[in-house]
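Report on the structure given below.
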There are 2 protein chains.
Amino acid sequence: MDEAPPAPVPAADARGSVTLHDVAREAGVSIATASRALNGSARNVRTENASRVRAAAAKLDYRPHPSAQAVARGSTPTVALVVGDVADPYFSAIAAGVTQAAEAAGLVVTMAVAGRSPQRELELVRTLRGQRPRVIVLAGTRIDGTTASTAPKDGRAVDGAAASAAPGDGRAVGGTDTRGALVGELEEYQAAGGRVVMVSQRDLPFDTVTIDNTGGAHRLARALAGAGYRRFAVFRASESVRTSRDRVAGFTAGLRAAGISLDDRFVIETEFTRGGGYEAARKLAERGADEVEIVFAVSDVMAIGAMTAFRDAGLVPGEDIAVAGFDDIDSAIDVTPALTSVAVPLREAGQEAMRLALGGGPAPDAVQISTRVVLRESTPARR
Amino acid sequence: MDEAPPAPVPAADARGSVTLHDVAREAGVSIATASRALNGSARNVRTENASRVRAAAAKLDYRPHPSAQAVARGSTPTVALVVGDVADPYFSAIAAGVTQAAEAAGLVVTMAVAGRSPQRELELVRTLRGQRPRVIVLAGTRIDGTTASTAPKDGRAVDGAAASAAPGDGRAVGGTDTRGALVGELEEYQAAGGRVVMVSQRDLPFDTVTIDNTGGAHRLARALAGAGYRRFAVFRASESVRTSRDRVAGFTAGLRAAGISLDDRFVIETEFTRGGGYEAARKLAERGADEVEIVFAVSDVMAIGAMTAFRDAGLVPGEDIAVAGFDDIDSAIDVTPALTSVAVPLREAGQEAMRLALGGGPAPDAVQISTRVVLRESTPARR
DNA sequence: CAAACTGCGGAATACGTTTTCCCGGCGTTT
DNA sequence: AAACGCCGGGAAAACGTATTCCGCAGTTTG
């Protein structure tokens, strides 16, 4: 495409960029024709003129001004992506998928980080909507804003993030308020022709890509049962963390399908972090872990924390007690023993989100990304 | 701010968004005054008028059209960020820092992923430049051949940069070509008033944030010497990987400062990956590791791979042989034993990049991010 | 053979801002 | 008292592009 040899000296007037006007003059046509020639409009332009315009554009190294195009067209060739935290591998994997698919479609990705705050998320959507992007992708927090009637059992060690999002029973005013505002904002945007896609967030009237947490946990449970395990413990996060809830539900169902029941005494609620996993494991070990053959932690980071805690308590993970996680993060293979987990193709989820956004019709559509069990040394087959 | 009860019906004409014109009419002033009132220009506007405009804007829920502003102003309030791969924690940490600082300054981040290809990187810069961002941040790959070193026209680069092409770096011509084009592109952009910042990339006539690899490695070497270690091995990557080269140089210097010399036989070149570390450790173990007390791998992932290899060979890391890495990635504390490393505050590097971009003068400036040695169980003190 | 129609170029307008320029009022200075 | 700033308002000109509308050929149609 680019011709390297003939020095690409852009005959530049140094101060400003070269505009469509310049191209038109160079090609000896009007800017209308130039515009039509360059981005093939509904109208046709004579082939000879078209090629002259293209030649002029190449010679002058013309680059269209996206903002000007945006003003004229009323929309921008961009995708607005809101994530909780770029540095979190969970989100960055999704972001990678979104970016890849967007770039393939010639769209630029603008990214914003919401932190843990729904408030901030709302602000960002407001700002981004101002940008008139073609698509808004929300890979929001995994926190459930719409806690139904389930009141937290006790106020003990609730995840800080969960606390910020509509805590307590009933509809917390602040929580549902910003949530409603967010939905309203997005609906207006959609009504104005924008596309909205949510990743891993159900129950909203938008296109959605969900992760098959339930199914993956179900299969994991069956696989572990098949490997000979019978006595399980589960480390889970607060009920308000939907991901955790789904995984526990799927896991329990899977066990039940294998004829195994889960003892409530060994279902430990803790934080959705490495520290939470460590804490839960410490408590379990303290209490005597003899009755437990294997621990399922609802995330890999928790599982990894748990393994360390067990080791600190004198138990060898994978020998004295097996451990399984969920997510299949990269370091799952780096820990010793390598961690059994459920792979979540987040990158694909991101790509799928873009596919939904670009291809879909007006009716809200939904796609589920399937997960895959990966057995490793942390859960050796029991004889 | 938002009034919840009195339904925020924005008096909307549903089809378009509300424009500055509407605000002006509502406030009974001209659009010029409205514009001045809203984004405080050099000109003053009477306080009464100003507040009326603000009130009108709030009432109508006015949002400025960034693209239109961009057209009028000639630049966009955005930061263009080019990274190698969002999913890589190295880049996503930098991205997090950049995003944080950018948002604090009211700028939106548009992100693009270059993969490993300098070609693609050039394309992206071309495209992004079209966007007229205020700042372009390049957090490129760490490989020399692709993006770093070798001054394009005058061979002024002394820093061993030129030597980097030595070990069969086949793609010399194509590389420097796209490299020169990239530099040219950025220089034009800069000449037009844009700010360019490179992260972890020296020898280019742009603002730069570098990581103190040399110093960190130097201090690590001294710390390890202080802990009683005397017989070292080093796992390094190809000479063309500048990061590796710097770390090895610093480490060697640090040893020398402690009166220790490094035996060439135990400097093993391998790939800059987990697999490379594994391979090198396997070879070393095979050859008999008795003469070595400790291995320094130039990156944590290599070190982690090496630990696994040692374990597979029957050596217990931290007891039979100590291991130290570099980067202090998250999983450094999750492996057993926890890995001694050098913390690299990448997030800060990203923030610093923005600070450079926003505050700096016209002359290329440079900031070095310092690193910090973190001793852990993989290198117990020798008695 | 006139009339309608088609294909395409160009002038002009629109898009939503910012910014320049002009203008009138008012307080201060000679 | 006239001249001279200064302050702030508004009309209008940018900014760079897409698109509507008009007109001119050349072609088809009745």
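Protein chains get the first letters and strands the later ones, always in sequence-line order, with residue 1 at the start of each. Remember, it's a predicted structure, so these values are computed and weren't measured experimentally.
No donor-acceptor pair under 3.5 Å is formed between the side chain of N49(B) and the backbone N or O of R46(B). Between the side chain of Y189(A) and the backbone N or O of V135(A) there is at least one donor-acceptor pair closer than 3.5 Å. The closest donor-acceptor contact from the side chain of R347(A) to the backbone of A93(A) lies at 3.5 Å or more, if one exists at all.
Regarding contacts with the backbone of dG8(D), a side-chain N or O of N44(B) is found under 4.0 angstrom from either OP1 or OP2.
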>> At under 4.0 Å between heavy atoms, how does the protein contact nucleotides 12-20 of chain D? Give one character per nucleotide, 5' to 3', with B, S or -.
In response: ---BBBSBB

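Side-chain contact check for Q351(A) versus V98(A): every heavy-atom pair is 4.5 Å or farther apart. Inter-residue side-chain proximity for T208(A) and V367(A) is flagged as unmet; no heavy-atom pair is nearer than 4.5 Å.
Of all non-hydrogen atoms in A105(B) and L358(B), the two that sit nearest each other are CB-CD1, 3.6 Å.
Listed by residue number, the members of residues 45-58 of chain A with any heavy atom below 4.0 angstrom from DNA chain C are V45(A), R46(A), N49(A).
Between the side chains of S17(B) and R129(A), no donor-acceptor pair is found at a separation under 3.5 Å. A donor-acceptor contact closer than 3.5 angstrom links the side chains of R134(B) and S75(B).
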